[in-house]
Amino acid sequence: MSRLIVVSNRTPGKTVAAGGLAVALRKTLSEREGFWFGWSGKLTDSPSVQARFEDVEGLSVATIDLTRDDHQAYYAGFSNSILWPSFHLRLDLAHIDSTWYEGYRRVNQQFAQALLPLLKPDDVIWVHDYHLIPLASELRSLGATNRMGFYLHIPFPTADALYAIPHHLDLMRDVSRYDLVGMQANRDVAAFTEAVENMTHTNLAGDPLQLFDFARTEVAAFPIGSDPGAFSRMSVSSAASKMVKRMERVLAGQQLILGVDRLDYSKGLPQRVEAYEKLLENNNDLRRRVHMLQIAPPSRDTIKEYQETSDALDAICGRVMGRFADPDWAPITYVKRAYGQATLAGFYRMARVGLVTPLRDGMNLVAHEFISSQNPADPGVLVLSRFAGAAEIFEDAILVNPFDTDETAAALRLALVMPLEERKARWRTLMAAAEKHNVDDWSKGFLHRLSPVVAAPSQPARDIIYLG
Ligand code: ADQ
């Protein structure tokens, strides 16, 4: 079997990771030959193009250092102040600095220069996420002919939002240099297809805009998932039960509403707490009988919009406390730290309601993890945003529009009073979907499609979209 080279901005470390990527891919790479390549996390005065290898808990990991200026332009700048907000349809939060694109390209070139000497001709390269869209172009311009796949961990934007991104034509050309492009959900494949059709269509002046050749690129949805068996086991492990026991004492029979997220404006956190505030406002009978726990460790906190989201969340949690707390009852606990997976699984299992309400999201792995951690005899209810990719597979969640806090408040009430039989019936369907879309099959499915043997299928699979 050919080697697998996984490439992402950050490589897995030994600390607790708040992102979904490390959790998902560690397992895949531990099962075959190859290595993980990315940024070391170190900033230096001059760029390095010679990778250092190290063993990280059995994984072979190769890293390079970046200069401080390049990293700023590539990561906080182009990736997270332009691509992230635009791909999540938050053009109001995008900042455009024309120098960032050069830094973004420079880092992708540096990745390519450092990776090329490490490659064998039949290595399969799997590139992850929006930080590295140009990597295939850069590798190919240095002569690499390997099979290359790209997986996008965030939603693909609508055509209008795409056009708002500086150099979007270059980026789309870069996408066309991959053999396989994986998206989170069908919604994203549809948005991508529409953008490509617009761009290759005849424009109003009559000139055909034949800018891209996607004839050799397959684009399909590969919905990512979790490891349901592992979460199910962890939820009753001794590592989970320590925290669960402490929480049970504090809750003393109150029903738990749980949110677990990175602190990010895409996750709809202030809106979520506002919905909870409305629940308490409209339902006197629920006060002192429910408690909301929101876990949200800071991420990208050097970026102004993330600090503002953090401030907004502080303010609204304070408001809810001020309006409803008694000396012997707190309506909400807000914790700004990350927990290990087993502890999270314990929290998920305790919760009567898992509240997953991003304003726009890729799949969202927390929804998967919540479902997988439930007690089949007394499961909780998932309240899920329509705008998470997970809404395409979890039809038996209570689906809400997260911008409509009245609707979310009503959904919360429905979840809290839902009879046991209905909770069990819904959970069985949700768990079947979580098992069907497990992370193992996700990575195997992507790599199977990317492997040279299936490069030119005579009968294309039904969900592949051939463009061009
Ligand atoms: P994220 O934006 O990071 O992922 P999500 O899918 O919810 O969002 O994954 C979060 C991961 O981090 C989960 O595994 C969760 O357990 C973990 N996590 C969250 N809060 C934590 C905490 N307080 N302590 C410890 N761990 C925590 C991006 C996209 C998603 C996409 C994934 C995978 O935004 O839409 O599904 O990548 O492709």
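For ligands, and for the atoms within them, numbers begin at 1 and follow the listed sequence. When reading the values below, keep in mind they use all heavy atoms of this one structure, side chains included, and skip hydrogens, waters and symmetry mates. Just so you know, residue 1 is the first one in the sequence shown, and it goes up from there.
- Against a heavy-atom cut-off of under 4.0 Å, Pro297 is close to the following atoms of ligand 1: 22 (C), 23 (N).
- Residue-ligand proximity, Tyr339 to ligand 1, at heavy-atom distances under 4.0 Å covers atoms 22 (C), 24 (N), 25 (C), 26 (N).
- Between Gln184 and ligand 1, at least one pair of N/O atoms sits closer than 3.5 Å.
- At a cut-off of 3.5 Å, with distance as the only test, no side-chain donor of Asn108 or Tyr74 sits close to an acceptor on the other residue.
- Taking only non-hydrogen atoms, the option from Thr343, Val260, Asp227 nearest to atom 19 (C) of ligand 1 is Val260.
- Paired with Phe78 under the rule ring-ring contact (aromatic ring centres under 6.0 Å, His included), one option of Tyr101, Trp100, Trp84 passes, and it is Tyr101.
- For atom 32 (C) of ligand 1, the nearest non-hydrogen atom from the set Lys336, Arg262, Glu369, His153 comes from His153.
- For Asn364 and Gln184, the side-chain atoms include no donor-acceptor pair closer than 3.5 Å.
- Side-chain contact of Asn438 with Asp441: a donor-acceptor pair under 3.5 Å is present, judged by distance alone.
- Residues meeting the ring-ring contact (aromatic ring centres under 6.0 Å, His included) test with Phe156, sequence neighbours left out: Phe87, Phe192.
- When only interatomic distances are considered, the shortest N/O to N/O separation between Met363 and ligand 1 falls below 3.5 Å.
- Taking the six-membered ring for Trp and the full ring otherwise, the centers of His131 and Trp39 sit at least 6.0 Å from each other.
- Contacts of Asn364 with ligand 1, taken as heavy-atom pairs under 4.0 Å, involve both backbone and side chain.
- Look at Arg140 and Asp179 and you find a salt bridge, because one of the NZ, NE, NH1 or NH2 atoms lies within 4.0 Å of a carboxylate O, short of that distance.
- Taking a cut-off of under 4.0 Å to the non-hydrogen atoms of Ile295, the atoms of ligand 1 that pass are 23 (N).
- Ligand 1 has no N or O atom lying under 3.5 Å from any N or O atom of Leu344, backbone or side chain.
- Atoms of ligand 1 lying under 4.0 Å from any heavy atom of Gly362, numbered from 1 in the order shown and given with element: 35 (O).
- Taking any N or O of Ala296, backbone or side chain, none lies under 3.5 Å from an N or O belonging to ligand 1.
- For ligand 1 and Arg337, the ligand atoms under 4.0 Å from any heavy atom of the residue are 23 (N).
- None of Phe222, Trp442, Tyr178 except one satisfies the ring-ring contact (aromatic ring centres under 6.0 Å, His included) rule with Tyr151; the exception is Trp442.
- The heavy atom nearest to atom 34 (O) of ligand 1, considering only Val439, Asp361, Ile154, is found in Asp361.
- Listed by chain and residue number, Val353, Val381, Val383, Ile398 satisfy the side-chain contact (heavy atoms from CB on, under 4.5 Å) test with Ala415 (two or more places apart in sequence, or in another chain).
- Note on ligand 1: Lys267 sits in its first shell, one or more heavy atoms being nearer than 4.0 Å.
- Side chain to side chain, Arg177 and Ser137 fail the donor-acceptor criterion of an N or O pair below 3.5 Å.
- Shown in contact with Leu365 at under 4.0 Å from a heavy atom are these atoms of ligand 1, numbered in order with element: 5 (P), 6 (O), 7 (O), 9 (O), 33 (C).
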